[in-house]
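Everything on this sheet refers to the single structure shown next.
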Amino acid sequence: MIRIAAILWYTRKRYRIQRKAVIMNHPDRQECERLLNEYATPEHVKRHCRAVAETACKVAEELNKHGFSLNVPLILSAGLLHDIARVEDRHWDVGAELMDKLGYEQEAAIIKVHMTYSPFSDISEVTETDMVCLGDRVVLEDEYVGLDKRIDYVINKAIKNGNPQAGAIIREKKKQTRKFINQIEEVIGFSLDDLMKGQA
C-alpha cells in the first residue's frame, strides 16, 4: 500500500500539470511502455499486455476496413495498459485509478471493466471496450490462442484455486464471447484464427 500511495502522490502531481495543458490525447506506444516500466509491471505481464493490444488492434483495423470507425489509438493504449497494476489486489480498479489521475479517462473506463465485462455489444454498436476485452479473452500469456484454449485455462485455474462453481459463469461468458466473435467473422468474411495467423 505504501508503494501505491507513493505512485498516486506522483500521479496526482503529474495529473495537475496535464490538466493545465488540457491534454486529451491517448498515450502512444512509447509512453505506455514508459508507464509500464514506471509502475514496475512484471515482464511477463507486459508481454501479455502487448499481445492483447496487438490482437485487439488487428481486429479493430479489420472491422474499420468494413465501414466501422473504431478508435485504434485508444484500443492500443488501453490494451497495453489494461494490466498495469496486475500485482495489486483488484488490479482493474487500481489501474483505472492510476490512468484517471493521469487524465486518460477513456483508458481508465476500459481498464476498470476488463475483468467483468459482459455482455459484448451487438456488432452494429461495437466499441473500443469490446475490442480490448475480446483481446484479453483470446490471448493466453503472450500468445493468441483463441477462445476455447483461453477459457479452458481460466476454468482450470478457477478449479485449482478452489472455486469450481465459477465454471458455470465462465462458460456463460464464453457463449457470449463466441456469439460476438461469430458476428465479427460474418462482417470480415473469415475466421478470427485466420486473421491472427495472417491467412486472411
Q) Counting heavy atoms not belonging to Arg178, are there more than 12 under 6.0 Å from its CZ? A)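 Correct, the count exceeds 12.
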Q. Taking everything shown except Asn161 itself, do over 12 heavy atoms lie less than 6.0 Å from its CG?
A.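 Yes.
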Ion pair [X]/[Y], N-O distance below 4.0 Å:
| X | Y | value |
| --- | --- | --- |
| Arg34 | Glu38 | yes |
| Arg50 | Asp142 | no |
| Asp100 | Lys112 | no |
| Lys58 | Glu61 | no |
| Lys46 | Asp83 | no |

Q | Verdict with reasoning, Gln165 to Asn163, per side-chain contact (heavy atoms from CB on, under 4.5 Å) | A | CA-CA 6 Å; Gln165 64 273 20; Asn163 190 21; 2.7 Å; yes
(Q) Tell me if a side-chain donor or acceptor on Arg150 pairs with a main-chain N or O of Val139 at a distance below 3.5 Å. (A)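 Here the side-chain-to-backbone pair exists.
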Q: Quick one: pull up SG in Cys57 and CG in Leu80 and give me the separation to the nearest 0.5 Å.
A: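 Result: 7.5 Å between the selected atoms.
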Are [X] and [Y] connected in the hydrophobic side-chain network, where two residues link if heavy atoms are under 4.5 Å apart?
| X | Y | answer |
| --- | --- | --- |
| Met115 | Ile75 | no |
| Ile155 | Ile169 | no |
| Ile110 | Phe120 | yes |

Q: Answer with yes or no after comparing the ring centroid distance for His114 and His91 against a 6.0 Å cut-off, counting only values under it.
A: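 That pair passes the under 6.0 Å test.
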(Q) The test is side-chain contact (heavy atoms from CB on, under 4.5 Å); show your working for Tyr144 and Leu192 and say whether it passes. (A) CA-CA 10 Å; Tyr144 170 85; Leu192 203 60; 3.9 Å; yes
